[in-house]
Structure formats: structure tokens, C-alpha cells
Amino acid sequence: EADEWYRKSLAISEDLGNRPYMAASYHQLGNTAYLRGRLDEADEWYRKSLTIEEALGNRPRMASSYHQLGMTAQGRGLQDEADEWYRKSLAIKEALGDQPGLATTYHQLGNTAQDRGRLDEADEWYRKSLAIKEALGNRPGLATSYHQLGITAQDRGRLDEADEWYRKSLTIREDLGNRPHMASSYYQLGSIAQQRGQLDEADEWYRKSLTIREDLGNRPHMASSYYQLGSIAQQRGQLDEADEWYRKSLTIREDLGNRADLGLTYAQLALLAETQGQEREALQWAVRSVSLFSEIPHPSTGTAAAHLARLTTRLGMNALRESWQEITGSPLPQAVRDYITQNQTPAP
């Protein structure tokens with residue numbers, strides 16, 4: 001519904017040639033596309049908005065568009081590009097003394113550092129953001145910073161510390177009744193429980209998260225919850241149930257076209273198919289994952305590249321060539337052939 005109103009506003013603004021209002025409408029349409037997980041569409045709207053904002057010299061709005069373009073780049077796994085956009089936004093916000101804006105951009109620079117595995121740098125950015133939020137008394141912002149500090153602690157394997165951060169965040173979120181963010185906290189607490197091998201507890205947290213996400217219609221996050229419930233089922237040896245969860249996740253992720261998420265889902269389906277003795281199907285899933293990116297191995301494909309090498313050892317290079325041609329419509333790239341040759345494992 002919001003999208004319809006923004007488009008009506010845009011039509012009037014375009015008819016009148018009101019460029020500031022046109023830019024505002026483009027930006028809002030980018031926001032709605034981003035929230036739906038349509039990152040390419042969001043990127044296009046933000047760029048249209050930015051073109052006008054730069055022409056008008058509207059620096060606060062430029063900073064906002066730079067920031068959002070960073071968000072869309074980050075969502076597509078383009079961390080270097082995202083970092084560049086955030087730093088362009090940051091330069092303006094620092095010049096303007098925009099403290100709330102600085103806190104937001106510091107936070108996102110923490111995200112890009114974290115995505116690259118630079119956990120100390122990420123922690124520093126998050127704490128810079130946190131310091132501003134504490135000074136401003138920004139409780140929703142504090143909850144977000146606590147949450148991210150929990151993720152960096154979890155990435156370091158400090159599960160008790162991570163659990164404390166998540167629960168600090170959750171206390172605020174439940175007090176504020178912020179259901180989308182409550183769902184994120186429940187999800188991360190599920191992840192902690194899963195890492196500890198507490199599968200029943202993890203399952204409960206994930207389902208609490210999923211209930212909210214389905215109620216809100218948050219499809220990207222629903223896909224994440226389905227994926228994790230599939231992982232829990234797989235760990236329990238409930239392979240048919242795991243397959244159902246993964247495919248529910250996949251349906252959404254293919255519709256949204258987020259390659260990073262797709263790569264991991266395809267890789268997991270490859271492992272599941274192999275566990276079920278379906279090696280040809282496993283090979284096809286691994287091909288789907290690896291072929292999403294020109295780089296092999298790519299971080300967003302998880303274990304798929306190693307899995308591809310292992311399956312090729314058993315099924316032969318001809319099977320790989322046939323599957324690659326069938327799945328992609330193109331011949332097997334030399335880079336993939338070289339990787340397989342260098343990483344094949346001896347048959348048992």
C-alpha cells in the first residue's frame with residue numbers, strides 16, 4: 001500500500017517537474033523495494049534519487065542515499081562497494097556534525113568489517129556507534145549495537161559473552177514492543193543454542209522468531225528461519241523434514257535473487273542429497289551454488305566448491321561437465337576445471 005502512495009506522489013511530482021519531491025519519492029520507493037528484499041530495484045531507485053540530490057547539492061539527502069546504496073551493495077555481498085558508499089555518507093555526516101547519522105554509518109561500517117572477517121575493526125565501529133547512542137539516550141539504537149556486539153562475540157566463539165549481549169538487546173526490544181527486532185534476537189539466541197548443541201532450545205528460539213516474521217510477512221527473514229530449522233532437522237537426522245524446510249527457504253530466496261543466500265542454500269541441499277545417497281542430485285545442487293559466482297571458492301557458497309571436488313572424484317569429470325552444461329547452459333569454465341583438478345580427493 002505504501003508503494004502505491006509513493007507512486008501516486010511521484011506521478012504528481014514528475015508532472016509538475018518538482019525535482020526535490022521526485023527525489024524524495026524515488027528514495028522512498030527504494031526503501032520499500034529494499035524492505036521487500038528487491039535489492040536491484042532498490043539500487044535503481046536510490047540512484048535516481050541521488051542524481052537529483054547531487055545536482056541540487058542537497059548534502060544531507062546525498063548522505064542518506066549514499067548510505068542506502070551501501071545497504072543494497074552489502075545485501076548483494078559487495079562489501080568493498082558498500083564500504084565506499086558508507087564512507088562517502090560518513091564524510092558528509094562528519095562535516096555536518098550529524099550525530100545520529102554518524103552512529104548509523106559507524107554501525108554499518110562495522111557490518112562491512114564483520115562481513116570481511118575483520119572482527120576487531122568491526123567491534124571498534126560498533127562501540128563508536130554505541131557511544132553516540134548512549135549519549136543520545138537512543139534505546140532502540142542501543143539494542144541494535146548490543147545485538148551486533150553479540151554477533152562479533154559469537155563469531156569469535158565467545159558464546160557466553162554473545163548470549164549476554166543478545167539478552168541485553170532483547171530486554172530493550174521486548175520493553176519497546178519492537179517485534180521485528182525481537183525476532184532477530186530470538187533468532188540469534190537460537191543460533192547460540194544450536195552452536196552449543198542444545199537443539200531443542202534452538203528449535204524453540206527459531207520458531208519464536210519465525211512466528212513474528214511470518215506474521216509480519218518479512219520474506220527474507222522467513223527464509224533465514226526456514227533454513228535454520230532445516231539445519232536443526234538435519235542435525236537430528238530428520239532428513240525429509242530438513243529437505244522441506246530448505247526448499248521453503250529456497251522458494252523465497254530464488255524469488256528475491258540474493259545470490260549470497262542462494263549459494264548457501266544450494267550448498268546445504270547438496271550436502272543433504274549426498275547424505276540421502278543421491279549423488280547426482282547433490283552434484284547438481286553443488287553446481288548451482290558454485291556457478292553463481294566467477295570466483296571459486298567463493299565465501300557465499302560455503303562448502304559447495306569442496307563438495308563439488310569430492311563428488312567429481314566419485315562421479316567423474318564427464319558427470320561434472322554434463323551437469324554444468326545442463327544447469328548453466330554453458331561449458332564448464334577452465335577455472336572450475338583447474339580447481340577440481342587441484343582439489344580432488346582420492347577415492348576411498
Single hit among Arg38, Arg36, Lys248, Arg219 for salt bridge (charged side-chain N to carboxylate O under 4.0 Å, His left out) with Asp255: Arg219
Which residues share a side-chain hydrogen bond (donor to acceptor under 3.5 Å, both in side chains) with Gln334, sequence neighbours left out: Asp338
Salt bridge (charged side-chain N to carboxylate O under 4.0 Å, His left out) contacts in which one or both residues fall within residues 283-293, not counting sequence neighbours: none
Other ILVMFWY residues reachable from Ile12 by side-chain steps of under 4.5 Å: Leu16
Results of side-chain hydrogen bond (donor to acceptor under 3.5 Å, both in side chains) for Glu174 - residues two or more places apart only: Tyr186
Residue pairs fulfilling ring pair (Phe, Tyr, Trp, His ring centres under 6.0 Å) with at least one residue in residues 248-273, sequence neighbours excluded: Tyr266-Trp285
Closest non-hydrogen atom pair between Gly302 and Leu264, with its separation: N-CD2, 3.6 Å
Between Gln154 and Ser191: side-chain donor-acceptor atoms closer than 3.5 Å: yes
All salt bridge (charged side-chain N to carboxylate O under 4.0 Å, His left out) counterparts of Arg76, not counting sequence neighbours: Asp40, Asp43
Partner residues of Glu204 under the side-chain hydrogen bond (donor to acceptor under 3.5 Å, both in side chains) criterion, sequence neighbours left out: none
Counterpart residues, ring-ring contact (aromatic ring centres under 6.0 Å, His included), relative to Phe293 (two or more places apart): His298
Contacts of type ring-ring contact (aromatic ring centres under 6.0 Å, His included), residue His307, not counting sequence neighbours: none
All side-chain hydrogen bond (donor to acceptor under 3.5 Å, both in side chains) counterparts of Tyr187, not counting sequence neighbours: none
Leu78: hydrophobic cluster co-members (side-chain, 4.5 Å): none
Inter- and intrachain pairs under ring pair (Phe, Tyr, Trp, His ring centres under 6.0 Å), touching residues 50-81, at least two apart: Tyr66-Trp85, His67-Tyr86
